[in-house]
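Everything below concerns the one structure shown next.
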Amino acid sequence: EQHEASSKCTCILCRLFLHKEAHTESSLPTSTALQLVQAADYFGFAEVIASTVKMLQTRLETDCFQIQGALDIPELESLKKRAKQFSLCLFVPLGISALSKRSSADNPFLECSAATLRELMVDPRLNCTSESALRAILQHWSTLTQVTDKDQVVEELVDRSLPGLTIITS
């Protein structure tokens with residue numbers, strides 16, 4: 001209640017949104033934007049939430065996995081549903097694109113959690129029907145994350161997604 005946004009304030013909300021010339025929408029990483037929504041939700045800054053959600057909507061095609069896995073904040077619920085639709089539809093194209101990139105900096109799977117992938121794997125609308133493509137994408141994802149037992153998690157995810165296929169393990 002005592003917070004008054006000013007040019008002298010050093011809180012993250014003011015630094016990111018009052019100094020727009022220094023922080024354009026394109027320079028704000030999605031992970032920072034999601035943290036900003038969380039902080040704005042805590043402080044009740046509805047305008048900051050609305051602005052950030054609007055910006056995140058423009059990133060659904062590239063950051064859908066990260067947005068889908070965001071914290072449960074009521075203002076993000078419809079955005080997260082849209083992100084899941086994008087994730088289901090773009091799973092293979094984003095996965096193939098991620099496989100071909102030499103740098104992991106722009107990888108859509110970089111911030112994708114195992115929980116988000118589990119949610120996608122059980123959805124019948126996932127656009128991946130090829131075990132080899134699914135396995136390659138999930139193997140690549142496992143190399144980017146801090147999953148402890150990578151092979152076991154990949155096998156679990158493949159089994160969840162393609163229950164009708166006979167999975168051959170080596």
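With contacts defined as side-chain heavy-atom distances shorter than 4.5 Å, the pair M121/E156 does not qualify. Within the 4.5 Å cutoff, no side-chain heavy atoms of K84 are placed close to those of F65. The closest side-chain heavy-atom distance from E119 to Q68 is below 4.5 Å. The closest side-chain heavy-atom distance from Q139 to T143 is not below 4.5 Å. A 4.5 Å side-chain heavy-atom check between L34 and L56 finds at least one atom pair inside the cut-off. By the 4.5 Å heavy-atom criterion applied to side chains, S113 and T116 are counted as neighbours. Side-chain atoms of F109 and L99, non-hydrogen and from C-beta on, never get closer than 4.5 Å to each other. Between L117 and C112, the closest side-chain pair of non-hydrogen atoms falls below 4.5 Å.
Checked by atom type and distance alone, the side chain of D63 never pairs as donor or acceptor with a backbone atom of T30 at under 3.5 Å. When atom types are taken as modelled, the side chain of S87 and the backbone of A83 share a donor-acceptor pair closer than 3.5 angstrom. K80 places no side-chain N or O within donor-acceptor distance of the main-chain N or O of I67, the cut-off being under 3.5 Å. Between the T52 side chain and the V48 main chain, a donor and an acceptor come within less than 3.5 Å of each other.
Taken together through direct or relayed side-chain contacts under 4.5 Å among Ile, Leu, Val, Met, Phe, Trp and Tyr, L157 and V122 form parts of separate hydrophobic clusters. Cluster annotation: L138 and I96 are assigned to the same hydrophobic cluster (Ile/Leu/Val/Met/Phe/Trp/Tyr, side-chain heavy-atom contacts under 4.5 Å, transitive).
The environment of CD in E47 is sparse: at most 12 heavy-atom neighbours from other residues, nucleotides or ligands sit within 6.0 Å. Within a 6.0 Å radius of CD in E75, other residues, nucleotides and ligands contribute more than 12 heavy atoms. Around atom CD of E61, no more than 12 heavy atoms belonging to other residues, nucleotides or ligands sit under 6.0 Å away.
A distance of 8.0 Å separates CG of L76 from CG of D41, quoted to the nearest 0.5 Å. Atoms CG and CG, on L88 and D123 in that order, are 4.5 Å from each other to the nearest 0.5 Å. Summarising the geometry, atom CD1 belonging to I49 is positioned 9.0 Å from atom CG belonging to L36; distances are rounded to the nearest 0.5 Å. In this structure, CZ on F91 lies 5.0 Å from CD1 on I137, to the nearest 0.5 angstrom. S132 OG to R135 CZ: the interatomic distance, rounded to the nearest 0.5 Å, is 9.0 Å. Atoms CD and SG, on Q85 and C64 in that order, are 11.0 Å from each other to the nearest 0.5 Å.
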Practice prompt. Evaluate the side-chain contact (heavy atoms from CB on, under 4.5 Å) criterion for residues L79 and L60: first the C-alpha distance (whole Å), next the side-chain angles of each, then the deciding distance (0.1 Å), finally the verdict.
Written response: CA-CA 9 Å; L79 182 65; L60 282 170; 4.0 Å; yes

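Across all non-hydrogen atoms, the minimal contact from M55 to A33 is CE-CB, 3.3 Å.
Sorted by first then second residue, the ring pair (Phe, Tyr, Trp, His ring centres under 6.0 Å) pairs that include residues 121-160, not counting sequence neighbours, number zero.
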